Amino acid sequence: MPRCAGLRTDLTLALAHFGVKTQTREELCGKGRDVVPIDECELDRVTPYAAEKADLALRLRPILTEEMERFSVAALCRDIELPLIDVLAEMEWHGIRIDLEFFAHMGRRLARDLHLIQQEIWKVAGEEFNINSTPQLRTILFDKLQLPVLRKTKTGPSTDASVLEELAEQGYELPRLLIEFRQIDKLKGTYYDALPQLVNPRTGRIHSSFRQAVAATGRLSSSDPNLQNIPIRTETGAEIRKGFIPADGFLFVTADYSQIELRVLAHFSGDPAFVDAFRSGADIHRQTAGIIFGVSVDEVTPEMRAAAKTVNFATLYGQGAFALSQNLGISVAEAKEFIENYFARFPDVRRYLDEQIEKARACGYVETISGRRRYIPEINSRNYNIRAFGERAATNAPVQGSAADIIKLAMIAIHREIAGTDIRMLLQVHDELVFEAPIDQAEHARSLVKRLMENAFELRVPLEVVTGVGSDWFSCK
DNA sequence: CTCCTCCGCTTG
DNA sequence: GTACGAGCGGAGGAGC
């Protein structure tokens with residue numbers, strides 16, 4: 001299926017269309033293990049700005065529109081995708097600053113930790129080997145040490161974190177060390193080592209590429225580097241956010257949509273229990289727990305809330321009883337009962353999801369709130385697995401895609417409002433925006449962004465945005 | 001040396 | 001067989 005490529009990719013293609021030769025970063029600097037600093041001329045050539053920007057964008061529009069109309073409606077192009085070109089171009093142009101000293105310091109610290117864990121792993125294994133090599137690790141774990149094989153991949157026994165976790169619970173020593181090694185190695189290799197080398201020498205900042213239509217649902221994607229998957233879930237991982245810092249004299253301002261996908265689901269389904277829960281303004285997972293367990297909100301235990309949260313997300317993704325049972329650590333039969341009970345309490349949600357599957361079968365596609373289409377040819381496959389995938393895509397895409405539409409509209413509105421000020425939009429992370437603003441304007445920026453995001457689209461339920469201000473990304477809470 | 005696939009891991 | 005959407009790095013093999 002044809003795709004509208006990302007901003008830089010689009011520009012490169014379009015410039016080629018006009019006979020202008022562009023060079024990618026790889027072409028400019030050479031490919032390979034050595035990382036490639038972003039050369040200033042690359043930025044000059046690939047990002048439209050200054051005098052050339054208006055002219056170039058004008059000439060690009062017909063080409064982009066033609067591509068975009070293949071999978072969406074004209075109004076969507078006009079109201080969202082075309083205006084967003086300029087927003088993304090500016091985000092790419094601004095980039096984001098990192099604290100090189102912090103990165104270097106952490107890199108050294110992790111290298112030391114890694115060395116110690118490696119020694120320990122080798123000692124327990126009884127020999128030296130490449131821990132990063134899955135084949136070598138399989139030999140050690142399952143041949144030499146005879147640990148039980150819990151799950152297989154296409155090419156052999158699985159050694160992923162869930163398997164190692166389970167082996168660790170059975171009392172084996174090595175899996176715990178491997179989990180720790182992998183976590184630290186990932187942090188060092190993918191983040192602490194890689195990011196500093198992508199700092200542009202002229203701007204001193206990292207300029208990611210944001211693409212509009214790589215994702216089938218209409219979400220943005222970020223690459224070179226991907227700044228949408230910076231660690232946050234673990235304590236040691238989240239620390240890296242201390243290394244993302246605003247320009248001198250500026251503060252970061254962050255703004256997150258709270259449970260936007262569940263709100264979209266509530267809107268589409270119109271399920272009264274769901275809609276009322278959001279309108280009451282209380283904790284949605286807690287409310288859900290009260291409804292599915294049949295207790296009052298005060299009686300909801302933390303365990304009940306956690307289970308409800310898992311089931312809420314399971315619903316968004318079309319998760320089945322098997323996976324839910326794995327997730328909650330219960331039997332498949334119990335998980336099945338859980339799901340049935342959930343839909344018995346939220347019948348309109350079930351009805352809405354079924355309608356999407358029916359629509360995909362009948363029309364070949366489903367739509368977001370703004371009319372963006374996702375075509376789902378898999379829906380009529382005779383192969384059960386392919387068809388089931390199509391059904392999950394049909395139920396998930398309108399929800400995920402509508403959330404993407406809403407934040408894109410917010411970005412356009414905010415971009416318009418902050419034009420000519422010193423407030424800069426730097427990142428989008430699906431339901432979050434990151435800005436930097438002069439210290440004395442940070443509070444103003446925070447309230448402005450919150451207002452525009454919450455009013456970007458009117459749903460049956462309110463949109464809620466949680467904001468933060470800080471002198472680094474970690475502290476924006 | 002380059003490109004590709006697989007595995008595993010990070011995020012919303 | 002078994003949860004949606006992404007991107008990246010290392011290992012190892014295919015092919016030039």
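So that the names make sense, note that chain A is the first sequence line, chain B the second, and so on, each numbered from 1. Quantities reported herein were computed from a predicted structural model and do not represent experimental measurements.
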Under 4.0 Å: is that the gap between some side-chain N or O of [X] and OP1 or OP2 of [N]?
X	N	answer
A:Asn130	C:dA11	yes
A:Ser221	C:dG7	yes
A:Ser133	C:dG12	yes
A:Arg374	C:dC4	no
A:Lys186	B:dT10	no
A:Arg392	C:dC4	yes
A:Thr159	B:dG8	yes
A:Arg182	B:dC9	yes
A:Thr153	B:dC7	yes
A:Gln228	C:dC8	no
A:Thr155	B:dC7	yes

Which word best sums up how the rings of A:Phe293 and A:Phe338 line up, parallel for under 30°, tilted for 30 to 60°, or perpendicular for over 60°?
-> perpendicular
Mutual orientation of the aromatic rings belonging to A:Phe278 and A:Phe274 [parallel < 30°, tilted 30-60°, perpendicular > 60°] | parallel
Send over the distance from [X] [atom1] to [N] [atom2], rounded to a whole Å.
X	N	atom1	atom2	result
A:Ile179	B:dC9	CD1	C1'	13 Å
A:Arg211	C:dG5	CZ	C1'	16 Å
A:Gln136	C:dG10	CD	P	15 Å
A:Arg138	B:dC6	CZ	P	12 Å
A:Tyr317	C:dC4	OH	C1'	6 Å
A:Asn226	C:dG9	CG	P	10 Å
A:Phe181	C:dA11	CZ	C1'	13 Å
A:Leu187	C:dC8	CG	C1'	14 Å

Students often get this wrong, so: under 4.0 angstrom with heavy atoms, is [X] touching a base, only sugar-phosphate, or nothing?
X	answer
A:Tyr384	base
A:Ala161	sugar-phosphate
A:Phe389	sugar-phosphate
A:Ile232	sugar-phosphate

Please check if the distance between the ring centroids of A:His94 and A:Phe435 is under 6.0 Å.
-> no
Taking only Lys NZ, Arg NE, NH1 and NH2, and the carboxylate oxygens of Asp or Glu, determine whether A:Lys188 and A:Asp113 approach each other closer than 4.0 Å.
-> no
Would you find more than 12 non-hydrogen atoms of other residues, nucleotides or ligands less than 6.0 Å from A:Lys359 atom NZ?
-> yes
Might you confirm whether atom CD of A:Gln119 has over 12 heavy atoms from other residues, nucleotides or ligands at distances under 6.0 Å?
-> yes
Below 3.5 Å, does any donor atom in the side chain of A:Arg233 face an acceptor in the base of B:dG12, or the other way round?
-> yes
B:dG8 and C:dT2: how far apart are their P atoms, nearest whole angstrom?
-> 14 Å
Span that lies between the C1' atom of C:dA3 and that of B:dT5, in whole angstrom = 23 Å
Pair A:Gln356-A:Glu391, side-chain donor/acceptor within less than 3.5 Å | no
For C:dC4, give its Watson-Crick or G-U wobble partner with both distances under 3.5 Å, or none.
-> B:dG12
